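What follows is a single structure, written as structure tokens, with notes after it.
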Amino acid sequence: MENLPKNYDPNKVENKWYDYWMENDFFKAKVDYDKEPFSIVMPPPNVTGQLHMGHALDNTLQDIITRWKRMKGHSALWLPGTDHASIATEVKVVDKLRNEGIDKDEIGREGFLEKAWEWKDEYGGRITNQLKKMGSSCDWSRERFTLDEGCSEAVTEVFIQLYEKGLIYQGDYIVNWCPSCHTTLSDVEVEHEEHEGKLYYMKYPIKDSDDFITVATTRPETMLGDTAIAVDPSDDRYKDLVGKTVILPLMDREIPIVADRFVDSEFGTGMVKVTPAHDPNDFEIGERNDLDLIKVIDEDAKMTEVTGKYAGMDRYECREKVIEDLKEEGLFIKTEEHIHSVGQCYRCDTVIEPLVSKQWFVKMEPLAKPAIEAVKNGDIKFIPERFSKVYLNWMENIKDWCISRQLWWGHRIPVWYCEDCGEVIVSRTEPDQCPECKSSSLKQEEDVLDTWFSSALWPFSTLGWPNDTDDLNYFYPTDVLVTGRDIIFFWVARMIFMGLEFMDEPPFSDVYVHGLIRDAQGRKMSKSLGNGIDPIEVIEEFGADALRFTLITGNTPGNDMRFREERLEASRNFANKIWNAARFILMNVDDFDYNSTNFKDLKLNLADKWMLSRTNEVTKKIDKTLENYNFGEMSKSLYDFIWNEYCDWYIEILKERFYQDQDLKAKETAQYMGLKILGDILKLLHPVMPMITEEIWHKLPISEKSLMISDWPEYEENEVDKDSESKMNTIMSVIKSVRNIRNEMKVDPGRKIEAILLSDKTEILESGESYLKNLANIDNLRITKTLKNRPQPSSTSIVEGVEVILPLEGMVDIDKELKRLNNELEDVKYEIKRAKGKLSNDGFVNNAPEELVEGEKQKVKEYEAKKEKLQERIEQMKLN
RNA sequence: GUGGGUAUAGCUCAGUUGGUCAGAGUGCUACGUUGACAUCGUAGAGGCCAGUGGUUCGAAUCCACUUACCCACACCA
């Protein structure tokens, strides 16, 4: 057999296996009622986006779960797809067109959409190809796009059904307007950021009086649209003013003073200027007090005609001018520094302008109710649990959802208006005539839907809804949703209420929320900081397996993680370690026929039994950690087991049977076991590191079948062999102890030494005699229950009831040895004191579990014995 | 303002329901080329588990408060 190269090179391996899996349709999930279904829908990345570390983590986690379930015999579906990302994509396409000198409005809706689809076709495959590089085992035959035919059908259907139920309505309300994207935004699409701003104080003259009232504002330009002054109804200072009229400066408009509960008498002057057309709170005050609505700022954030001399000015330019003019009229009082948060567009950061306009809304209260209940009653579980609080808090205070967007790239609202009688027609297909007046002069609603409207349907629209499909019956509801905490509101919450409304079942039972991947300094990775790490570059340097392993190691649910190169190196080294373990095994099984060897004929020794037992236990551990989404613990268990147990101990122990003269049966057993355990390790590791494990698997003479569709190891309780584990532990402790002394006494590592093991456990030690000799480099080993003449000088240590005596003539430094023994003695004394303290405590003895008390008693016994021996040795040392 | 998170070896982080839990990686020290691996091996040093108080027989783990940093949501005239 050809030897493997010394170092593992992922670049030579990874792509090969992805192609192999694809060619064999291994990712394709079948509707198979003999199997238990398992399904995950992938959070659809923006179709023209690029893979970032967040995606990498998200998809690694999903792939791990999917691969694991698949190997465990489920019909596992991981359904991939992309999101049309209405606003984000439109912004990019508009930018591109602008660079080409094309204006969006010039080419019109049709022309623009053509360009947008071109853009989608150009970049649409990029992120999915990047996901493939990650090794993601998604069923690409079921790949979906939120703007494809099926998803669009689902969107229309949902819109119409909600409309018919009275849950979608149209109305004039104040909405968040982005003057740059030229569209409305939902509340969650507005990001609030603290800004150092100014608070301007100004005077409004009271009509028929020489008095003034004082108001303060952060946006003086809005005063042009003021239609009232409001005060706290319980504020005694201004009781007499309510009902009076003030003259709005600059505009010379008479506006009333009203009392409204919104006003906080403690803040500012206790008087608020009310601009119903440009502030959400003022809008509500206006509703309550029946105030006029005067729009002074337009969709471009410029002043409207009604502002007279200010018309056409930019809002900020107008602000300066207003202040200037007020000063001139002696109505300006002062400016104060003021920190306040400013709403900005989540896509372009432009400051939001609240505007009143006619929009479409989803009535949230009836939808939120069951969505709250589903989480409260445990039908949907958040991991970690604390996010259910975040979710509930939002759901319980939810406002109606503005779903119309003044964009073109998206699902056009299925509504037509009759141009003759004004009838609103909501229809699945384009109507020919108005049902009321039979006019054929119909015009479709220009607006499209919020991009999250279609993603909210993702768990069932992708499975075929509104059609009654096998996929839908079999795979819905999905099992777990894996996502970052930033889209709980945008997406998770909306999927939940839509799923409940249209499928009568929550779309998933578990929501696993992972944290952010930050840079090495703990900062958020962002484009503007330029501190993002490109997963693809990482894959090219370290391999996708190493990246995947890095992303889950030490990661805990919901917590952020810093990403540093050293951790990638550690993962790469781990891959290399496994590679070399396989290399070693393969170098020694040339003459061995695995498949015609019967396990029952093997001659298992202590280490074999120990290894089998440990493998079995680790299998259980991996299952349990994955069951609970403890990916960090899972990777640590694998790492420790593979490196510290299989490689450091088991392989070292196999060597004696490979290299030293043995009977054939012993060698065959070693060959079989080395391969078998390696095979199991590859299986357990496969969900995390699919490529390297598949590569090695195909080099092993175990099976022709692909590793990814092989059977997951089964945990067998009766195969746990605690007795062998305990024996091995004793032997390993003795070996470590000998190595320790050798190191301290500076014995030449290559030198074979003599050792005496004095203990009652002779049987155990004898069963590990060869391990002791080989791994501690002992040539003359004596295992005995009694010892009459102690060799002098010698170095001693006591572990696990075994007195390890190394007669190191000419090498023992008496002072050093004394010091060592005394240190050991101190430790023992401390332990005895601790254990005895516990045992002398009645509370402990009476309340603690019996085995624990028993354990402490045992400990005291052991340590007392050890103490005695140590003291003996110290005395002897002193005599010499 | 409301809610939440984090504080554990020099650094980055684990520690599942309170009882061998004081851990890992990396870094550091000493030694090491016996045919898997120097992307390695062996051994070692390092922490009052943020502080205070409480519950308990027993607390890194539960409770309260304090301090420091972070996040979300709300308000901001």
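What's counted below: heavy atoms across the whole structure, side chains too, no hydrogens, waters or symmetry copies. Letters A, B, ... are given to chains in the order of the sequence lines, protein chains preceding strands, and every chain is numbered from 1. Small disclaimer: the values here were computed from a predicted structure and weren't measured.
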When all nucleic acid strands are considered with a 4.0 Å heavy-atom cut-off, which category describes A/Asp264: base, sugar-phosphate, or nothing?
base

Aromatic ring pairing A/Phe584/A/Tyr659, orientation class (parallel under 30°, perpendicular over 60°, tilted between):
perpendicular

Atom pair distance, as rounded to whole Å: CZ in A/Arg742 and P in B/A43
12 Å

Report the distance from atom CD1 of A/Ile778 to atom C1' of B/U42, rounded to the nearest whole Å.
14 Å

Assign the ring pair A/Phe489 / A/Trp394 to parallel, tilted or perpendicular, where the plane angle (0 to 90°) is split at 30° and 60°.
parallel

Without decimals, in angstroms, what is the distance between A/Ile517 CD1 and B/U12 P?
16 Å

Tell me whether A/Lys621 is salt-bridged to A/Glu633, with the criterion being a basic N under 4.0 Å from an acidic carboxylate O.
yes

Under 4.0 Å between a side-chain N or O of A/Arg583 and OP1 or OP2 of B/C37?
yes

For B/A72, does either OP1 or OP2 sit under 4.0 Å from a side-chain N or O belonging to A/Lys389?
no

Examine B/U12: is either OP1 or OP2 under 4.0 Å from a nitrogen or oxygen in the side chain of A/Arg562? Give yes or no.
yes

Using only heavy-atom distances, decide whether a donor-acceptor pair under 3.5 angstrom links the side-chain of A/Lys6 to the base of B/C37.
no

Categorize A/Ala848 for me: base, sugar-phosphate, or nothing, with a 4.0 angstrom heavy-atom threshold over every strand shown.
base

What does A/Val263 touch in the nucleic acid at a heavy-atom separation under 4.0 angstrom: a base, only the sugar-phosphate, or nothing?
base

At under 4.0 Å between heavy atoms, what does A/Leu199 touch on the DNA or RNA strands: base, sugar-phosphate, or nothing?
sugar-phosphate

Atom CG of A/Asn743 and atom P of B/G41: how far apart are they, to the nearest Å?
15 Å

Can A/Glu856 and A/Lys836 be said to form a salt bridge (charged side-chain N to carboxylate O under 4.0 Å, His left out), step by step?
CA-CA 8 Å; A/Glu856 289 299 326; A/Lys836 275 191 171 169; over 6 Å; no

Using a cut-off of less than 4.0 Å, is there contact between a side-chain N or O of A/Lys636 and OP1 or OP2 of B/A24?
no

Just checking A/Arg261: does its CZ atom have more than 12 heavy atoms from other residues, nucleotides or ligands closer to it than 6.0 angstrom?
no

When rounded to whole Å, the CG to P distance for the pair A/Leu852 and B/U20 reads 7 Å

Does A/Arg567 put a side-chain nitrogen or oxygen below 4.0 Å from OP1 or OP2 of B/G25?
no

Quick one: sort the A/Tyr200 and A/Phe332 rings into parallel, tilted or perpendicular, breaks at 30° and 60°.
tilted

Using a heavy-atom cut-off of under 4.0 Å over every strand shown, decide if A/Glu652 touches base, sugar-phosphate, or nothing.
base

Phosphate OP1/OP2 of B/C40 contacted by A/Trp579 side-chain N/O (<4.0 Å)
no

Within the 4.0 Å heavy-atom criterion, would you say A/Thr556 contacts the bases, only the backbone, or no part of the nucleic acid?
sugar-phosphate

At 4.0 Å (heavy atoms only), tell me whether A/Asn841 reaches a base, stays on the sugar-phosphate, or touches nothing.
sugar-phosphate

Does B/C57 have OP1 or OP2 under 4.0 Å away from a side-chain N or O of A/Lys838?
no

A/Asp640 CG to B/G25 P, straight-line distance once rounded to whole Å:
7 Å

Using a cut-off of strictly less than 4.0 Å, decide whether A/Asn847 has a side-chain nitrogen or oxygen near OP1 or OP2 of B/G58.
no

Determine the contact category for A/Gly554: base if any of its heavy atoms lies under 4.0 Å from a base atom, sugar-phosphate if only primed atoms, P, OP1 or OP2 are that close, otherwise nothing.
sugar-phosphate

Taken to the nearest whole Å, CD1/A/Ile585 to C1'/B/G35 is 15 Å

Side chain A/Glu744 and base B/A30 donor-acceptor under 3.5 Å:
no

Output the rounded distance in Å from CG (A/Asn559) to P (B/U8).
13 Å

